[in-house]
Amino acid sequence: IIVLDDAVNVLKVTDSFLAKSLYKTRHTNCIFFIAIQIWRGITAQLKSIINSVWIFGGFSPQILHHIYNQISTDISFEDFKKAYNRLKKI
């Protein structure tokens, strides 16, 4: 398990060992947890291989909608937004 905290700048260097490892996780038997503050900071290529997304409070409705549009989910945006708003209250 590899944890990357606030790793946006590291992931922008796409030819680094770390970035290359992210795209080959099934071959390296690694699990990556990437904590970022800015969703737009990670590349579309990386977003396309993400399996799980945990979202914490603080995003504007516009950014939340942007995140929703870029993840794979089977719920409507309204349900997604309601769940997010419930979590913000906890």
Side-chain angles (χ1 to χ4, degrees):
I1 296 175
I2 300 171
V3 178
L4 304 173
D5 185 24
D6 212 11
V8 171
N9 289 330
V10 173
L11 298 175
K12 286 182 181 178
V13 182
T14 57
D15 62 342
S16 70
F17 172 77
L18 186 58
K20 288 178 182 177
S21 297
L22 280 168
Y23 298 104
K24 298 178 181 179
T25 57
R26 69 172 189 233
H27 302 294
T28 59
N29 295 320
C30 291
I31 297 171
F32 285 87
F33 287 94
I34 305 170
I36 60 168
Q37 296 178 16
I38 302 169
W39 178 258
R40 292 180 182 175
I42 58 175
T43 65
Q45 183 181 9
L46 183 56
K47 290 174 190 174
S48 72
I49 62 169
I50 292 175
N51 291 338
S52 300
V53 176
W54 290 295
I55 303 171
F56 296 92
F59 289 107
S60 69
Q62 294 82 9
I63 297 296
L64 189 63
H65 198 272
H66 179 74
I67 293 170
Y68 174 81
N69 285 332
Q70 293 189 340
I71 61 174
S72 177
T73 183
D74 59 353
I75 64 172
S76 69
F77 176 69
E78 288 305 316
D79 289 340
F80 181 78
K81 186 175 171 183
K82 285 178 191 174
Y84 175 75
N85 288 330
R86 280 195 307 268
L87 290 174
K88 286 190 344 184
K89 294 178 184 178
I90 295 175

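Reckoned from all heavy atoms, side chains included, excluding hydrogens, waters and symmetry mates.
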Working to the nearest 0.5 Å, report the span between [atom1] of [X] and [atom2] of [Y].
| X | Y | atom1 | atom2 | answer |
| --- | --- | --- | --- | --- |
| Ile67 | Gln62 | CD1 | CD | 11.5 Å |
| Lys82 | Ser76 | NZ | OG | 7.0 Å |
| Ile75 | Lys81 | CD1 | NZ | 13.0 Å |
| Thr73 | Asp79 | OG1 | CG | 9.0 Å |
| Asp6 | Ile34 | CG | CD1 | 12.0 Å |

Practice prompt. Please list, chain by chain and in numerical order, all residues satisfying side chain to side chain contact (heavy atoms under 4.5 Å, CB included) with Ile50, sequence neighbours excluded.
Written response: Trp39, Ile42, Lys47, Val53
Worksheet entry | Verdict with reasoning, Ile55 to Phe80, per side chain to side chain contact (heavy atoms under 4.5 Å, CB included) | CA-CA 11 Å; Ile55 303 171; Phe80 181 78; 3.5 Å; yes
Practice prompt. May I ask you to decide if the ring planes of Phe77 and Tyr68 are parallel, tilted or perpendicular, using 30° and 60° as cut-offs?
Written response: perpendicular
Worksheet item: Are Trp54 and Ile31 joined in one hydrophobic group, where the rule is that I, L, V, M, F, W and Y side chains link up if heavy atoms are under 4.5 Å apart?
Response: yes
Fill in: Same apolar cluster: Phe56 and Phe33, side chain cutoff 4.5 Å
yes
